[in-house]
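Sequential numbering from 1 along the given sequence is applied to the chain's residues.
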Amino acid sequence: MQIQDLPYSDPGVPDARSGPRLLWWLWRNQMGGQLKSLAWGLLHFVAVSALPFCVGLAVQAVIDHSGTRLALTGGLMLLCGTGIAVGDTFLHRTAVTNWITAAARVQQLLARKAAQLGSALTRRVAAGEVVAVSTGDVEKIGWFVEAVSRFTAAALTVVVVCVGLVVYQPALGVVVAVGLPVVALAVLPLLPRATRRADVQREKAGRATELASDTVAGLRVLRGIGGEELFLDRYRRASQEVRHAAVRSARMWSLITAIQVLLPGLLLIAVVWHGVHLARQGRITIGELVTVYSAVMVVNYPLRHFEEIAMAYSFSRPSAKRAARVLSLERSTDADGSRAAAVPGGDLYDPATGLLAADGRFTAVVCGDPDAAGRLAERLGGHPAEPGPSVLLGGVALDDLPLDTARTAVLVQDKDPVLLSGSLRELLDVPASGAVRAADALAAAQCEDVLDALVQGSLDAADPMDARITERGRSLSGGQRQRLALARSLITDPEVLVLDEPTSAVDSHTEARIADGLRRLRSGRTTVVFTSSPLLLDRADRVALVHQDEVVAVGVHRELIDTDPRYRTVVTRETDEELAAADADTAVAEGGALLGAFEKLEEIEESA
C-alpha cells in the first residue's frame, strides 16, 4: 500500500477487543510494508555496524604497511557508505509510508464507525474523546506500528554485531556479547512505571480536550449566562493537571534515557580497559582493539531504538485502547440488512408508539418531552438507540434494509444540524434525487437574507453559491444556520423526510412562510415534523400527540386544541394552574348560563 493509493477501498474489520490486539491487527495488515522496512533497516544498520570492522582493518593495514589491504578496506568502506545511504533513504521512505497508512486506516475505521452509529456515537462516547482519538491518537498508533519493523532490524543488528565480535575476537567479543543485552534490557523494570505515568498523562489530556471541545461548542450559551470565566477556570485546572502529569512522565523518561547513556559508556570503559590489558599482553592487535572499540561506539545507534519502541508502545497503548473502545461499539441493528437494496415506499409506521405517517402526507408530531421526540425521530430514521421493534416503511422493516438504503429512504434532520465549512455550493452538494433545485429549496426555507449575509461576508463572491461558510456556520445566526440546514435536507428529496424542530430559531412570520414553502415543495412526499409550533401544526394534514412514548390522540390541529387538554398544554404551554383557572372559568360560565336558563323557565311558567 502506497500513500498515493489512500484511502483504502476497504480498511477491513479490526480486532477491537483490546488496544494491544488492535495494534497487532494493524501490524499484520501492513505485512508487506513492514517486511520492506525491516529489509532496508537491516541494510542500513548492518552497514553502519560494519564500519568499525573496516576501520580496524585499515588501522592494522597501516601498521603492517600493507597497501593492498588498505585499498581493499577502502573499497569495503565505500560499499558500507553506499549501503548506509541507500538503506537510510528507503528506510525513511517505507517508515513514513507505514506510519501514514496505519494512521489513515484507523481514521477510515473511525469514520466508518461514526457513519454506522450516527447520533448514537456521541451518546455512548464523549465528543471530545472521539476528536482526541481521530487526531492525536491515530498519530501515536501509527508511530508504534511503524517503529516495530525498525526496532526488529535494530535488535537483529545487535545480535549480528555480538556474534561477529565473538567470532572476530573472542576475548573482547564475549565481554561485549554479555554487556550489550544487559544494556538493552536494563530499563525494562522502569517501563511499567513510565507506561502508567504516560497513561495518566493521556487520560488527563483527553479530559482536557473534552472540556475544551464542550466549552467551544457551548460558547454562545456560556456568554449568554456569563459562564465563560467558570469554564475557563475549569480548563486552566485541567491543563495544569496535564502539565504536572507530563512533567512526571518526562522525569521517568529522562531517567530511562540517562540509563541508556550511562550503561553503554560504562560498557565502553570496560571494553577499553580490558582491551588495553590484552594488547599489552600481546593477545590482541591494535587493529582488533580499534575494531571492538568502534563497534561498541557504533552499536549505541541501533540501541536507541530500544528506548524508542518502549516510548512508542507506552504512548500508543492508551491511544489504541481508546480507539478500540470506539471501534468496538455496535449498532443495535445489523447494518447489512437481510433484504434486497431497493428503496420501499408507502406509509411510515412505528409499532413501538403507534405513530403512523401516511404516504405522501404532511404529518406533525407533538411531544412534550424534547428528548423523547429526538429518540423517536431517530427511530423513524432507522437509528434506534436501543433494541426494539423496527419501524416499517410500506410494510418493510427498516432494520431489514441495508443501512445505506434505509438512509436513502428516510432522512432525519435533528434539532441541532451541523454546517460544514466551505462554499454554499459545496454545502448543498449532497446525494439527491435531482428533482429539487437548489434555488427552490433555498426559497422554500426562506434563505434570501441568509444569501445576502453570505455575500456581504465574502469579499470575492458575487454569486451567493460561491460564498464561504465558516466552521459550523459560526458567522451566521441560529435561525440562519437552521434554514440552510433545512434547505440542504429539502434538496435531497428523500422518500420520507423527518424534521425535528426545524423552525425553533426563527420568528413567527418567517416560520409561517417556511411552513407554506415546506408543504408546497414536499407535496406528494411523506414529511414528518416534530414541533409544537401552531403555525406548522395548522398546516399539517394530520397531527399526532405522543405522550409517554405512545400516540394518545390523532386529528387536526384545531380539533385537538379544542378537545384534548394534554395537547393544548404542550402547544399553548399552559401551566397546571392556568388550566385549572380556565376550567374554573368555564365551569362558572356554564353555571351562569344554566342559572339564566332556569330563571327564564320560571318567568315563562309565571306568565302562563
Side-chain angles (χ1 to χ4, degrees), residues 35-95 149-184 264-306:
L35 292 177
K36 288 180 182 179
S37 182
L38 175 61
W40 292 117
L42 282 173
L43 174 61
H44 175 64
F45 292 133
V46 170
V48 170
S49 301
L51 279 177
F53 293 93
C54 296
V55 172
L57 291 175
V59 170
Q60 193 61 42
V62 171
I63 294 174
D64 296 340
H65 303 287
S66 175
T68 303
R69 282 191 293 159
L70 185 61
L72 180 61
T73 304
L76 291 175
M77 293 184 70
L78 179 61
L79 183 62
C80 289
T82 303
I84 291 172
V86 173
D88 190 29
T89 300
F90 286 94
L91 173 61
H92 178 73
R93 181 184 179 89
T94 55
S149 56
R150 288 190 292 112
F151 164 73
T152 305
L156 291 176
T157 301
V158 171
V159 173
V160 169
V161 170
C162 291
V163 173
L165 288 176
V166 170
V167 174
Y168 177 72
Q169 177 44 253
L172 282 178
V174 172
V175 176
V176 176
V178 172
L180 280 181
V182 174
V183 171
L266 295 177
L267 176 61
L268 185 62
I269 294 173
V271 168
V272 171
W273 181 84
H274 186 55
V276 170
H277 181 68
L278 293 177
R280 283 181 175 179
Q281 294 177 349
R283 297 170 59 184
I284 64 173
T285 64
I286 300 299
E288 291 174 339
L289 176 59
V290 171
T291 297
V292 177
Y293 168 79
S294 302
V296 175
M297 286 287 294
V298 172
V299 84
N300 285 329
Y301 172 54
L303 277 177
R304 287 205 297 268
H305 289 76
F306 286 73

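Leu78 CG to Thr73 OG1: the interatomic distance, rounded to the nearest 0.5 Å, is 12.5 Å. With values rounded to the nearest 0.5 angstrom, Thr152 atom OG1 is found 10.0 Å from Leu35 atom CG. Expressed to the nearest 0.5 Å, how far CG of Leu70 lies from NE2 of His65 amounts to 12.0 Å. One distance of note links CG of Leu43 with CG of Leu91; it measures 9.5 Å at 0.5 Å rounding. Expressed to the nearest 0.5 Å, how far NE2 of His44 lies from NE2 of His92 amounts to 12.0 Å. Here the CG atom belonging to Asp64 is positioned 10.5 Å from the CG atom belonging to Leu57, to the nearest 0.5 angstrom.
The minimum heavy-atom distance between Gly41 and Ala153, with the atom names listed, is C-CB, 3.7 Å. What you find for Cys80 and Ala50 is that their closest heavy atoms are SG-CB, 3.7 Å. A pairwise comparison of heavy atoms in Ala85 and Thr89 identifies O-OG1, 2.8 Å as the closest pair. The minimum heavy-atom distance linking Leu303 with Leu180 is given by the pair CD1-CD2, 3.9 Å. The two residues Gly275 and Ile284 have their closest heavy-atom pair at O-CD1, 3.4 Å. The shortest non-hydrogen separation linking Leu278 to Ala171 is CD1-CB, 3.6 Å.
Of the residues Val272, Val183, Val182, Val178, the one that meets the side chain to side chain contact (heavy atoms under 4.5 Å, CB included) test with Leu267 is Val183.
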### Query
Checking side chain to side chain contact (heavy atoms under 4.5 Å, CB included) for the pair Ile63/Thr285: CA distance, chi angles, key distance, verdict?
CA-CA 10 Å; Ile63 294 174; Thr285 64; over 6 Å; no
### Check against side chain to side chain contact (heavy atoms under 4.5 Å, CB included), His274 and Leu172
CA-CA 8 Å; His274 186 55; Leu172 282 178; 3.6 Å; yes
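Classification of the Phe45-His305 ring pair by plane angle, with boundaries at 30° and 60°, yields perpendicular.
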